[in-house]
Every structure is written in C-alpha cells, then in structure tokens.
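Input: a single structure, listed below in structure tokens.
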Amino acid sequence: MTFICKKCKKAFRKDMSAYEESDEYCPHCDNHYVIDAKTPQAVLGVEGEDARVDNRMLKDERVQQTKNKSLLTLDSEDLTERIG
C-alpha cells in the first residue's frame with residue numbers, strides 16, 4: 001500500500017501483509033502517521049430549532065414559574081373539585 005507523509009510530503013510503500021509496530025512511522029522523517037481510532041460514545045441530547053428563532057425550549061429565569069399542573073400532584077380535595 002502506498003502512503004504519503006503529511007510532515008515531509010514524501011511517498012513510501014508498506015507491505016500490509018507483514019505490518020509491524022515499527023511500520024507506523026515514516027521511513028524518511030520518523031513521523032508517527034498512524035492514529036488510534038476513537039470509538040463513539042452514546043449521548044442523550046435534546047435537539048431543537050435555532051434558539052434565536054424559536055425560543056420555546058429555553059427557560060426564562062426572569063419569569064415566575066407556575067405551580068405544577070398535574071393531576072398526580074394535586075391534593076384529594078383539589079382533585080374532587082376539578083373532576084366534579
């Protein structure tokens with residue numbers, strides 16, 4: 001296989017059937033041209049539109065937050081008033 005070193009810009013060939021650790025270096029300038037691969041890590045993220053256009057996903061700290069309006073968090077008296 002033919003390679004070109006980015007540091008010295010010289011071409012060289014390496015036999016991939018007998019590839020050793022010493023073959024990871026350029027024969028002209030001893031530049032280490034083999035880079036270890038990085039494995040991707042799973043990440044959970046939230047995607048949204050551009051915040052300058054649609055800012056509904058951003059929390060405004062200046063606005064007073066309303067109380068949680070869930071039926072699961074209501075008291076039993078409030079629940080009977082709401083349901084009827």
Side-chain angles (χ1 to χ4, degrees):
M1 190 174 256
T2 306
F3 298 97
I4 295 178
C5 179
K6 286 186 174 183
K7 186 175 180 183
C8 66
K9 308 287 190 223
K10 292 184 181 177
F12 55 94
R13 292 185 181 172
K14 294 285 182 178
D15 185 15
M16 297 306 283
S17 62
Y19 196 78
E20 298 176 357
E21 189 174 329
S22 63
D23 292 331
E24 295 180 357
Y25 295 92
C26 173
H28 304 289
C29 67
D30 290 331
N31 181 32
H32 189 252
Y33 67 89
V34 175
I35 301 171
D36 294 332
K38 295 181 181 178
T39 56
Q41 301 294 326
V43 176
L44 180 63
V46 178
E47 292 184 11
E49 295 292 326
D50 189 6
R52 295 171 290 180
V53 176
D54 185 16
N55 58 1
R56 290 180 288 167
M57 293 188 62
L58 299 177
K59 181 179 178 182
D60 191 2
E61 299 292 335
R62 300 172 295 173
V63 178
Q64 186 178 15
Q65 300 296 322
T66 59
K67 191 176 177 183
N68 193 0
K69 296 181 180 179
S70 174
L71 290 175
L72 300 175
T73 59
L74 292 176
D75 295 334
S76 62
E77 295 174 3
D78 293 335
L79 186 61
T80 56
E81 289 177 10
R82 284 192 179 239
I83 294 177

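- For the pair Cys5 and Asn31, the tightest heavy-atom approach, listed with the atom from each and the gap, is SG-ND2, 3.7 Å.
- Counting heavy atoms of neighbouring residues, nucleotides and ligands inside a 6.0 Å radius, atom CE of Met1 does not exceed 12 of them.
- In this pair, His28 and Phe12 present their aromatic rings perpendicular. The plane angle is above 60°, beyond the 30 to 60° band.
- Here the CD1-OH distance, from Ile4 to Tyr33, works out to 12.5 Å after rounding to the nearest 0.5 Å.
- You'll find the side chain of Tyr19 reaches within 4.5 Å of the side chain of Val34, heavy atoms only.
- In this structure, Cys26 SG and Lys10 NZ are separated by 8.0 Å, a value rounded to the nearest 0.5 Å.
- The shortest side-chain heavy-atom distance between Phe3 and Lys14 falls under the 4.5 Å cut-off.
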